[in-house]
Q: 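Can you keep this structure in mind? I'll have questions shortly.
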Amino acid sequence: MNYKFWQKKKDADKKKKTKTREWVDAIVFAVVAATIIRVFFIEAYTIPSGSMERSLLIGDFLFVSKVNYGARVPMTPVAFPFAHHTMPLTTSTKAYWDGVQWKYRRLPGLSEVKRNDVVVFNFPEGDTVAVENQVPSYYDLVRQYGRASIHSQFTIISRPVDKRENFIKRCIGIGGDVISMKNGIANVNGKDEPLKNTGMMPYIIQFKTMDFNYNVFDDLNLKMGDMQPIAANTYSVEISPEMADEIRAFDFVKSVKMTAATATEIEPGGTFPHDPNRVWNRDNFGPIKIPAKGWTVNIDSNTMPLYYRAIRTYEGNKVEQKGKDWYINDKLATSYTFKMNYYWMMGDNRHNSADSRYWGFVPEDHIVGKALFIWMSWDSEGSFLHKIRWSRLLRGIH
């Protein structure tokens with residue numbers, strides 16, 4: 001009698017495993033492992049726009065940590081691997097199934113979101129999208145052309161929180177902070193926070209003469225083509241305060257002055273909270289108190305334009321106005337206590353950034369992770385030997 005008959009069965013099973021089966025098993029394992037890493041540990045992102053220049057450049061490839069703030073448990077768990085919200089090579093085919101939705105949960109993290117962190121988050125106004133025209137937000141289109149017109153022209157879809165577009169900005173204020181801006185200078189809790197290092201604002205440069213070697217700007221990564229002529233020997237350019245100081249030192253430069261919108265200048269398309277009683281623009285707004293978990297705000301005609309969307313959309317309440325009174329979940333409300341922390345995000349390239357100045361607060365359940373370092377930087381306009389920005393490789397993000 002063969003007392004090891006079970007061993008023969010195991011050997012037979014091993015022999016039945018074909019090369020195809022081995023490949024399939026390896027691919028499935030790789031996909032599962034990569035998905036776990038992307039969701040809970042670290043993920044790669046690329047910079048598509050210049051809103052964070054010159055901190056981050058178009059063509060920078062980043063690693064973003066999910067561990068620092070605590071990984072967000074997937075809210076839409078059934079999704080196609082490695083696709084965000086749309087299937088590859090399509091414009092509107094969903095890469096997820098929203099039939100299953102989980103509540104917002106986050107694993108313990110190493111720290112909270114702090115001021116001046118560079119953060120990746122889901123676009124708060126990305127809950128509704130006009131598929132054929134996604135550059136302005138759906139809400140901007142509605143404010144400009146009206147809801148009926150937009151719905152008649154475009155395909156309108158909705159997206160869950162974790163499937164909205166990914167944005168990257170700098171956190172200027174956290175829950176409980178009071179933020180404002182005057183003449184292009186941000187103020188947090190009564191203290192001015194001027195741009196530092198690579199943050200950009202428009203400057204007017206007046207030259208004494210144009211008879212100089214334009215290559216002197218190469219060390220600043222600035223070209224004469226970046227400057228827009230506005231008068232004789234006078235140009236407008238977007239640079240950092242440090243770059244402005246270096247340019248002032250040139251003996252052929254007469255003056256370098258930062259420019260900003262005046263307090264009464266009307267912003268095309270308007271700014272948050274799109275309230276006719278608040279004539280604000282990108283360089284002059286506030287003060288605004290950023291909601292914090294547990295903070296209670298009095299509800300009236302002055303505060304509701306600021307906090308209406310947070311209370312209704314982000315925190316999921318039914319909000320109605322009846323005469324001068326406000327009702328939350330069918331009950332008369334004179335105050336509201338927030339359930340989440342919120343943040344104020346702005347791009348370092350202050351005059352070329354769609355940020356909280358236009359769409360308001362970022363709720364904590366929209367936070368994706370903290371930008372850590374640049375692992376690759378690709379300059380599409382560079383020559384063959386200079387496509388890669390070698391000096392930016394493995395550079396930390398501050």
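Just so it is clear, the model here is predicted, and its values are computed rather than measured.
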Q: So among Phe272, Tyr343, Phe338, which one has a ring pair (Phe, Tyr, Trp, His ring centres under 6.0 Å) with Phe361?
A: Phe272
Q: Determine, using ring centers only, whether Trp280 and Tyr358 are less than 6.0 Å apart.
A: no
Q: For a quick check under 3.5 Å, do Glu165 and His84 share a side-chain donor-acceptor pair by atom type?
A: no
Q: To check you understand the geometry: which heavy-atom pair defines the closest contact between Asn281 and Glu265, and what is its length?
A: ND2-O, 2.9 Å
Q: Applying side chain to side chain contact (heavy atoms under 4.5 Å, CB included) to Arg278 and Asn302, what does each step give before you reach the verdict?
A: CA-CA 10 Å; Arg278 290 177 166 92; Asn302 183 55; 3.0 Å; yes
Q: Within the 4.5 Å heavy-atom criterion, are Thr46 and Trp378 side-chain neighbours or not?
A: no
Q: Would you mind telling me which of Arg115, Lys191, Lys289 makes a salt bridge (Lys or Arg N to Asp or Glu O under 4.0 Å) with Asp177?
A: Arg115
Q: Can you check whether Tyr203's main-chain N or O pairs, donor with acceptor, with Lys257's side chain at less than 3.5 Å?
A: no
Q: Tell me if a side-chain donor or acceptor on Glu132 pairs with a main-chain N or O of Thr155 at a distance below 3.5 Å.
A: yes
Q: Can you tell me how far apart CZ (Arg392) and OG (Ser377) are? Round to the nearest 0.5 Å.
A: 5.0 Å
Q: Given the ring of Tyr138, does Arg143 sit roughly above its face, with NZ or CZ under 6.0 Å from the centre of the six-membered ring and within 45° of the axis?
A: no
Q: Please check if the side chain of Arg312 supplies one atom and the backbone of Asn317 the other of a donor-acceptor pair under 3.5 Å.
A: no
Q: Heavy-atom distance under 4.5 Å between the side chains of Phe207 and Met227, does that happen here?
A: yes
Q: If we ignore hydrogens and angles and just use 3.5 Å, is the side chain of Asn284 paired with the main-chain N or O of Ala261 as donor and acceptor?
A: yes
Q: Could you grab the distance from atom CE of Met345 to atom SG of Cys171, nearest 0.5 Å is fine?
A: 4.5 Å
Q: Closer than 3.5 angstrom, by distance alone: can the side chain of Ser152 be matched with the main-chain N or O of Ser149 as a donor-acceptor pair?
A: yes
Q: If the plane angle is over 60° it's perpendicular, under 30° parallel, otherwise tilted; pick one for Phe212 and Phe217.
A: perpendicular
Q: Taking all non-hydrogen atoms of both residues into account, name the closest pair between Trp344 and Ile290 and its distance.
A: CB-CD1, 3.6 Å
Q: In terms of side-chain heavy atoms, does Asp348 have a donor or acceptor partner in Ser55 at a distance below 3.5 Å?
A: yes
Q: Assess the residue pair Asp226 and Lys223 against the criterion (salt bridge (Lys or Arg N to Asp or Glu O under 4.0 Å)); give the C-alpha distance rounded to whole Å, side-chain angles, the decisive distance to 0.1 Å, and a yes or no.
A: CA-CA 5 Å; Asp226 297 329; Lys223 302 174 183 177; over 6 Å; no
Q: Using atom types as modelled and distance alone, determine if a side-chain donor or acceptor of Asn213 lies under 3.5 Å from a backbone N or O of Val216.
A: no
Q: First locate atom NZ of Lys66, then atom CG of Leu372, and finally report the distance between them rounded to the nearest 0.5 Å.
A: 11.5 Å
Q: How far apart are the C-alpha atoms of Leu220 and Ile239, what are their side-chain angles, what is the distance that settles it, and do they pass the side chain to side chain contact (heavy atoms under 4.5 Å, CB included) test?
A: CA-CA 10 Å; Leu220 301 177; Ile239 53 178; over 6 Å; no
Q: Using the ring pair (Phe, Tyr, Trp, His ring centres under 6.0 Å) definition, which of the options Phe123, Trp359, Tyr314, Tyr342 pairs with His366?
A: Tyr314
Q: Looking at Asp60 and Arg395, is any side-chain nitrogen of the basic one under 4.0 Å from a carboxylate oxygen of the acidic one?
A: no
Q: Between Arg38 and Glu43 (salt bridge meaning N to carboxylate O under 4.0 Å), is one present in this structure?
A: yes
Q: Sub-3.5 Å donor-acceptor pair from the side chain of Asp162 to the main-chain atoms of Thr76, do we have one?
A: yes
Q: Kindly give the heavy-atom pair with the smallest separation between Gly269 and His274, and that separation in Å.
A: O-CE1, 3.6 Å
Q: Inspect the surroundings of NE2 in His151 and state if more than 12 heavy atoms from other residues, nucleotides or ligands are less than 6.0 Å away.
A: yes
Q: Could you state the interatomic distance from CD1 (Ile58) to OG (Ser51), rounded to the nearest 0.5 Å?
A: 9.0 Å
Q: Report the C-alpha distance between Asn183 and Asp283 in whole Å, list the side-chain angles of each, state the deciding distance to 0.1 Å, and finish with yes or no for side-chain hydrogen bond (donor to acceptor under 3.5 Å, both in side chains).
A: CA-CA 5 Å; Asn183 297 327; Asp283 291 329; over 6 Å; no
Q: In chain order, what residues pass the side chain to side chain contact (heavy atoms under 4.5 Å, CB included) check against Ser180, with sequence neighbours excluded?
A: Asn187, Pro287
Q: Grab the two heavy atoms, one from Gly369 and one from Val64, that are nearest each other, plus how far apart they are.
A: C-CG1, 3.6 Å
Q: Hey, is Lys169 close enough to Asp355 for a salt bridge, meaning N to O under 4.0 Å?
A: no
Q: Using a 6.0 Å distance limit plus a 45 degree cone around the ring axis, check whether Lys322 lies over the aromatic ring of Tyr327.
A: yes
Q: Got more than 12 heavy atoms from elsewhere within 6.0 Å of CZ, Arg106?
A: yes
Q: Would you say Asn298 and Tyr336 are linked by a side-chain donor-acceptor pair, where the criterion is simply a distance under 3.5 Å?
A: no
Q: Between atom OG of Ser255 and atom CD1 of Ile205, what is the distance when rounded to the nearest 0.5 Å?
A: 9.0 Å
Q: Spell out, as yes or no, whether a donor-acceptor pair under 3.5 Å connects the side chain of Arg357 to the backbone of Arg350.
A: yes
Q: Measuring from Ser111:OG to Asn68:CG, what's the distance to the nearest 0.5 Å?
A: 5.5 Å
Q: Evaluate Ser158 against Asp127 for side chain to side chain contact (heavy atoms under 4.5 Å, CB included), listing each step before the verdict.
A: CA-CA 5 Å; Ser158 61; Asp127 55 339; 6.0 Å; no
Q: Between Asp245 and Arg248 (salt bridge meaning N to carboxylate O under 4.0 Å), is one present in this structure?
A: yes
Q: Can you check whether Lys293's main-chain N or O pairs, donor with acceptor, with Asn341's side chain at less than 3.5 Å?
A: yes
Q: State whether the number of non-hydrogen atoms from other residues, nucleotides or ligands found under 6.0 Å of Tyr214 atom OH is greater than 12.
A: yes
Q: Output yes when Asp365 and Arg105 qualify as a salt bridge under the 4.0 Å nitrogen-oxygen rule, no when they do not.
A: no
Q: For the residue pair Arg159 and Gly126, what are the closest heavy atoms and their distance?
A: CB-O, 3.9 Å
Q: Got a sec: does the CZ of Phe41 have more than 12 other heavy atoms crowding it under 6.0 Å?
A: no
Q: Can you confirm whether Glu112 is buried at CD, in the sense that more than 12 heavy atoms of other residues, nucleotides or ligands lie under 6.0 Å from that atom?
A: no
Q: Do the side chain of Gln153 and the main chain of Ile150 share a donor and acceptor less than 3.5 angstrom apart?
A: no
Q: Please walk me through it: do Val237 and Ile204 pass side chain to side chain contact (heavy atoms under 4.5 Å, CB included)?
A: CA-CA 7 Å; Val237 64; Ile204 302 297; over 6 Å; no
Q: Listing request: all ring pair (Phe, Tyr, Trp, His ring centres under 6.0 Å) pairs with a residue in residues 97-117, at least two apart in sequence or in separate chains.
A: none
